[in-house]
Amino acid sequence: MQCSCGRKAVYHRRYSGQHLCARCFRRMVEKKFMETVRSNGFIAHTDTVACGVSGGKDSLVLLHLLHGLQKKVRFSLFALAIDEGIAGYRDRSLPYVTKACETLGVPLHVRSFKESFGYALDEVTAMKERVGACSYCGVFRRSLLNSASRELGATKLALGHNLDDESQVILMNMLRGDFARFGRMGTYRKHVNDQFVPRIKPLREIPEKEIVLYAVLAGIDFDFEECPYAPEAFRDEVRQFLNTTEEGHPGTKHALLRTYDKLYPFLNEALQPSVLPSCERCGEPSIRPLCKKCELLDAIRDGLARDDQS
Ligand SMILES: [Zn+2]
Ligand SMILES: [Zn+2]
């Protein structure tokens, strides 16, 4: 098959019916990224953007694209990596982050769970009474990404969530009836707390497999390994369902995201408090008096104490 430019096609984009050569494919991904940034007003020249990086394909492609965007919009950019303390995983993926930042000349900051909270994730998951690793990890990572971005002077926090991630979470929240969380997934949030660094997701309209192909074609070296802690089963089922549906009906994931985006202004209006309070203990934005991170830290301290006694 040939690309419309006459070169040999490397990718069949089923949801648009296009066959694309390597060059046109890369341009198409870059254009989609630019359109998402522009149409949502994600980045202005006055912004300092913290790019959350893990060493995986999504965050390194995002860093690469943000760095390219700096030629057009003169914002400041730095990378922020979180070391959860997962032996054999994060210590292996961080070198990919270091290498990418050195190649692009983007400053890198690393924050660890151990230094910030007193516990590495492996210590927490070794406890006898525990909830899933992903619950701790997700809460701690979100909290640390926000506080570190703020302390480092960022005005936006860019995350590498792709179309597959976004459509999975939309459907999961809907199927669980988690209306509050369902209402918090949109691209724009009212200014509700000074301590909150607004999050932007410039890859939200790009499918996962296009991110992988872009990384390969652009020569971006990334860590293929998945986190050793098993993902929750429900997410896997939703992922499989969406992939099967997309296979039979190309464009399904985009349609789900578009539906959500149309609903979002109403959800935002109905669900967003005009002011989001701060946690009484740590000062981070939180709906409840004690934030989820502080609550989990208490549970970990108690759990570890009980383990010591037994
Ligand atoms: Zn072409
Ligand atoms: Zn707190």
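Just follow the structure's listing: the first ligand is 1, and inside any ligand the first atom is 1. In this text, all values refer to a predicted model and were calculated from it rather than measured experimentally.
- Using a 4.0 Å cut-off between a side-chain N of Lys or Arg and a carboxylate O of Asp or Glu, K99 and D221 qualify as a salt bridge.
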Passes side chain to side chain contact (heavy atoms under 4.5 Å, CB included), S147 versus E151? Steps please. CA-CA 6 Å; S147 59; E151 284 157 19; 4.1 Å; yes
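- Using a cutoff of 4.0 Å between basic side-chain nitrogens and carboxylate oxygens, E166 and K253 are not scored as salt-bridged.
- Protein N, O or S atom count below 2.8 Å of the Zn ion (ligand 2): the structure gives 4.
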Evaluate side chain to side chain contact (heavy atoms under 4.5 Å, CB included) for F140 paired with K293, printing each intermediate quantity in order. CA-CA 6 Å; F140 289 163; K293 173 204 68 187; 3.7 Å; yes
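- Rounding to 10°, one obtains 110° for the angle at the Zn ion (ligand 1) between SG (C24) and SG (C3).
- Put simply, CG on D223 and CG on L94 are 9.5 Å apart, with the number rounded to the nearest 0.5 Å.
- Rounded to 10 degrees, the SG-metal-SG angle spanning C5 and C21 at the Zn ion (ligand 1) equals 110°.
- Atom CG of residue N173 and atom CG of residue D178 lie 5.0 Å apart, to the nearest 0.5 angstrom.
- Applying the 6.0 Å contact sphere to CD of E115 captures no more than 12 heavy atoms from other residues, nucleotides or ligands.
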